[in-house]
Peer 1: 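I'd like to ask you about the structure that follows.
Numbered from 1 within each chain, the chains take letters A, B, ... in sequence-line order. Note that the coordinates shown come from a computational prediction; the quantities given were computed from them, not determined experimentally.
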Protein chains: 2
Amino acid sequence: MNTKFDIENFITDFANSCQKKQKKVFSKNEVVTTYIKNRNQLCILLDGNADLVRYDLNGNRTIVEHFSKNALFGEVFYTITTNNELLVEAKSNCTVLFYIYDDIFHKCRNNCKFHQTLSENLPQLILNKVTDLNMRIELLTKRSTRDKLLGYFSLLSTRKLSTSFELPFSLTDLADYLSVDRSAMMRELKLLKEDGFIEKIGNRIILLYK
Amino acid sequence: MNTKFDIENFITDFANSCQKKQKKVFSKNEVVTTYIKNRNQLCILLDGNADLVRYDLNGNRTIVEHFSKNALFGEVFYTITTNNELLVEAKSNCTVLFYIYDDIFHKCRNNCKFHQTLSENLPQLILNKVTDLNMRIELLTKRSTRDKLLGYFSLLSTRKLSTSFELPFSLTDLADYLSVDRSAMMRELKLLKEDGFIEKIGNRIILLYK
DNA sequence: TATTTTCCGTTGCAAAAGCAACACATTATG
DNA sequence: CATAATGTGTTGCTTTTGCAACGGAAAATA
């Protein structure tokens, strides 16, 4: 039913065609890009991990999205309506392809293969974003830190098809992702262990309930 | 820069073409539709108000989205990954157009005008959803009830281009939308009045800070 | 219009979450 | 390798939030 989309081929096309692209390498903790109003940038994470981070006026930090290899991001997927700063921060050494559009929904004059593939698949790619966003909203609407943690773990477990999985975040960052206080989250994590819901070995979580 | 899209004409095209459509009328509190996995339904709210509501396993109710006249909704805009029930509930008498797709991104055999307009504009329509979802996430990541209220009010104020505006929700529903306890929200609302942040006359809020 | 239902506003109390501080472990870096 | 920076784990205390309950207002309904 879903339009299958070969991201590997897409990236190859991208790398081999379009003139306006740019490839850059970043080291850990560098700012990959800042989201800017009325710019349409499409970015592809060729390698590494990065987070989309928002800083609000109170200085609170929120991890809005987490990107790993082959993730697509940029203003193309985030029409900006906030005044807060939106940064993409490299969590490890990263390689990123950049492309800036005038109008993302129209092909370039050259009519290159990349653009053709892109405009054909963009709707589906955006729809994938919508799915992610809806899952995130479901997490954030949970009323307690415990439910947020369990909800997030269950999501990771479903993705990995296993009750045992690595956290893609440090615990500090996980708190920023779930939008809760870190020490309160650590306390709840301890209680989840004591109550027999989870086991935790380093960065690995094992879900003990079905 | 943005593709402008005439929703009124679109609806007229819809009403006049495509065979598979259905028009239904609902009274207040009726269930307009239930979201079903692997179905692609597109719904247009011709008149009235409705909410997309999720009930979780603890019985908590969350208002996921609020729809008013001309809103588009349905599984087309919500790839389902949750096990929770997703219902659209009529908040007033409603008139709704329904259409079910096999594949939303491809035109129907008849190649009717509606379908042409739809497939041309769907990416932009989905992108509008993304914008809404990102705003909602920004609200939900705020750490306190106070910040959620102020954030939501400031959003409504920006939309209406005025510091004075009607709430589209009852206060009970507003709490379900912000994902907080109603009585705690009422308490915070009182404090916001006492601290001179807002005035509240019936359903109308006036923001007193710039 | 009388009656039922829903919503608003409030409160006391209990539970959860946030804040701040600290020691220790682990990981980067000169 | 020494040192600095960052992340983990913990705790006491304060603040915020949730829960439950209730009376009255407003709205829907018979």
Peer 1: Taking for each residue the nucleotide of DNA chain D with the nearest heavy atom, is it A:Ser183 or A:Lys91 whose nucleotide lies nearer the 5' end?
Peer 2: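 Looking at DNA chain D, the more 5' nearest nucleotide goes with A:Lys91.
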Peer 1: With rounding to the nearest 0.5 Å, note down the distance linking OH in B:Tyr55 to CG in B:Asp176.
Peer 2: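 Interatomic distance, B:Tyr55 OH to B:Asp176 CG, rounded to 0.5 Å: 8.0 Å.
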Peer 1: Between A:Asn29 and B:Gly202, which is nearer to the 5' end of DNA chain C once each is assigned its nearest nucleotide?
Peer 2: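 Whichever sits nearer the 5' end wins; that is B:Gly202.
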Peer 1: Whole angstroms only, please: what is the CE-P distance between B:Met185 and C:dT11?
Peer 2: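 Distance check: B:Met185 CE to C:dT11 P gives 16 Å.
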Peer 1: Less than 6.0 angstrom separating the ring centers of A:Tyr177 and A:His66, yes or no?
Peer 2: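 For A:Tyr177 and A:His66, the ring centres are not under 6.0 Å apart.
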Peer 1: So, B:Asn134 versus B:Glu138: side-chain donor-acceptor pair below 3.5 Å or not?
Peer 2: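 The answer is no; no qualifying pair exists.
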Peer 1: Is it true that a side-chain atom of B:Gln41 and a backbone atom of B:Val76 form a donor plus acceptor pair closer than 3.5 Å?
Peer 2: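 A pair under 3.5 Å: no.
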Peer 1: About how many Å separate OH of B:Tyr78 and CD1 of B:Ile126, when rounded to the nearest 0.5 Å?
Peer 2: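 If I round to the nearest 0.5 Å, the distance is 15.0 Å.
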Peer 1: Is the shortest side-chain N to carboxylate O distance from B:Lys37 to B:Glu75 below 4.0 Å?
Peer 2: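 Here B:Lys37 does not pair with B:Glu75 in a salt bridge, since their nearest N and O are not under 4.0 Å apart.
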Peer 1: What is the distance, rounded to the nearest whole Å, between atom CG of B:Leu191 and atom C1' of C:dT10?
Peer 2: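 Going from B:Leu191 (CG) to C:dT10 (C1'), I get 12 Å.
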Peer 1: Starting at CG of B:Leu174 and ending at P of C:dG9, how long is that distance when rounded to a whole Å?
Peer 2: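 Value for this atom pair: 12 Å.
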Peer 1: Reckon A:Lys200 touches a base, only the sugar-phosphate, or nothing at all at heavy-atom distances under 4.0 Å?
Peer 2: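 Counting heavy atoms under 4.0 Å across all strands, the contact made by A:Lys200 is with sugar-phosphate only.
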Peer 1: In this structure, how many angstroms lie between the P atom of C:dC8 and the NZ atom of B:Lys193, rounded?
Peer 2: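 Going from B:Lys193 (NZ) to C:dC8 (P), I get 12 Å.
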Peer 1: Between A:Arg146 (CZ) and C:dA16 (P), how many Å, whole number?
Peer 2: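 Those two atoms, CZ and P, are 8 Å apart.
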Peer 1: Please report the distance, rounded to the nearest Å, between CG in B:Asp176 and P in C:dC7.
Peer 2: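 So the two atoms are 10 Å apart, to the nearest Å.
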Peer 1: How many whole angstroms separate atom CG of B:Asp181 from atom P of C:dT10?
Peer 2: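 After rounding, the gap between these two atoms is 15 Å.
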Peer 1: So, do A:Phe197 and A:Phe153 have ring centers that fall under 6.0 Å from each other?
Peer 2: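 Centroid separation for A:Phe197 and A:Phe153: 6.0 Å or greater.
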Peer 1: If you check the B:Lys190 side chain, which of C:dT10, C:dA21, C:dA17 turns out closest?
Peer 2: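 The listed nucleotide nearest to B:Lys190's side chain is C:dT10.
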Peer 1: For the base of C:dG18, is there a side-chain donor-acceptor partner from A:Arg182 under 3.5 Å away?
Peer 2: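 Answer no: no donor N or O sits under 3.5 Å from an acceptor.
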Peer 1: Could you give the start and end, 5' to 3', of the contact zone on DNA chain D for chain B, using atoms under 4.0 Å from its heavy atoms?
Peer 2: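 Range of nucleotides within reach of chain B: D:dT17 to D:dA28.
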Peer 1: Measure from CG on A:Leu178 to P on C:dG18 and round the result to the nearest Å.
Peer 2: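 One finds 11 Å between P of C:dG18 and CG of A:Leu178, rounded.
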Peer 1: Both B:Lys28 and B:Arg187 contact DNA chain C. Taking the nearest nucleotide for each, which residue is further toward the 5' end?
Peer 2: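 Between the two, 5'-proximity favours B:Lys28.
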